[in-house]
Amino acid sequence: MKENDKNIEKLIDKMMAENTLESPSFDFTSKIMAQVLEAEKSKSTVYKPLISKATWIFIAISLIALTVYSVYMNNDISNIEILKLYSDKTNNLFSGVHFSKTILYAILIVPFMILVQIGILKNYFDKKYEL
């Protein structure tokens with residue numbers, strides 16, 4: 001068995017001596033890196049908003065139409081029984097609640113500041129992770 005292994009080794013040595021080592025082309029590394037970059041770009045996620053532009057336009061038009069309808073139509077809202085029922089309950093619910101001016105200012109300003117910070121942070125992270 002060992003003699004057979006020696007013959008195989010001699011055969012392999014003879015074949016290796018006849019063949020020379022292949023060397024890669026001059027721009028081998030740049031070609032590989034270009035392929036890697038293309039693969040990374042194809043894997044990157046494309047930004048797709050949760051609410052499309054058409055939906056935002058529909059919401060805006062609906063709000064504008066509702067506002068125009070409520071302003072220009074001479075409907076007396078007090079005639080609707082359901083609204084009377086809910087307005088009475090709401091008035092009774094909040095009749096004992098009084099806020100100071102500081103609390104009211106905070107309630108109005110804090111959401112606005114949060115929205116500003118969201119915009120600033122979004123721009124920051126977009127620039128930071130830009131390819």
Side-chain angles (χ1 to χ4, degrees):
M1 192 75 166
K2 290 185 180 184
E3 191 173 311
N4 192 13
D5 288 341
K6 288 181 183 179
N7 290 336
I8 291 175
E9 282 186 38
K10 287 180 185 179
L11 177 66
I12 291 174
D13 288 339
K14 184 178 177 183
M15 290 176 62
M16 292 297 287
E18 292 175 0
N19 292 334
T20 58
L21 290 176
E22 294 181 14
S23 61
S25 64
F26 177 72
D27 57 347
F28 175 76
T29 305
S30 61
K31 286 181 181 179
I32 296 296
M33 291 308 294
Q35 290 177 357
V36 168
L37 290 176
E38 286 179 21
E40 285 182 5
K41 286 181 184 177
S42 65
K43 289 181 183 178
S44 64
T45 55
V46 177
Y47 172 73
K48 184 178 180 185
L50 294 176
I51 301 174
S52 66
K53 287 183 181 181
T55 306
W56 279 116
I57 291 170
F58 175 75
I59 291 171
I61 290 173
S62 299
L63 288 175
I64 291 170
L66 183 65
T67 305
V68 168
Y69 177 77
S70 65
V71 169
Y72 289 112
M73 295 301 168
N74 292 328
N75 293 338
D76 190 14
I77 295 178
S78 63
N79 290 333
I80 301 173
E81 295 295 324
I82 294 174
L83 291 178
K84 279 185 183 178
L85 178 69
Y86 285 119
S87 67
D88 290 340
K89 287 183 180 180
T90 308
N91 288 339
N92 291 336
L93 182 66
F94 294 113
S95 63
V97 178
H98 298 286
F99 294 110
S100 68
K101 286 185 179 182
T102 307
I103 297 294
L104 289 176
Y105 291 147
I107 290 172
L108 293 174
I109 293 173
V110 167
F112 175 73
M113 296 305 293
I114 288 172
L115 290 175
V116 168
Q117 286 180 0
I118 287 172
I120 291 170
L121 287 173
K122 182 183 179 307
N123 287 336
Y124 170 77
F125 284 114
D126 285 346
K127 289 178 184 177
K128 184 176 180 180
Y129 294 112
E130 194 173 84
L131 292 177

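The basis for the numbers below is simple: all heavy atoms, side chains too, and nothing from hydrogens, waters or symmetry mates.
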Is I109 reachable from V116 through a run of hydrophobic residues whose side-chain heavy atoms are each under 4.5 Å from the next?
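Yes, same cluster.
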Donor-acceptor check, side chain of T67 to backbone of L63, threshold 3.5 angstrom: yes or no?
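Answer holds: yes.
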Give, for atom [atom1] of [X] and atom [atom2] of [Y], the distance between the pair rounded to the nearest 0.5 Å.
{"X": "K101", "Y": "L104", "atom1": "NZ", "atom2": "CG", "result": "9.5 Å"}
{"X": "D27", "Y": "I32", "atom1": "CG", "atom2": "CD1", "result": "10.0 Å"}
{"X": "Y105", "Y": "S100", "atom1": "OH", "atom2": "OG", "result": "10.0 Å"}
{"X": "K122", "Y": "I118", "atom1": "NZ", "atom2": "CD1", "result": "11.5 Å"}
{"X": "I120", "Y": "M113", "atom1": "CD1", "atom2": "CE", "result": "7.5 Å"}
{"X": "F112", "Y": "L115", "atom1": "CZ", "atom2": "CG", "result": "8.0 Å"}

Closest non-hydrogen atom pair, P111 against A106:
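Shortest heavy-atom contact: CD-O, 4.1 Å.
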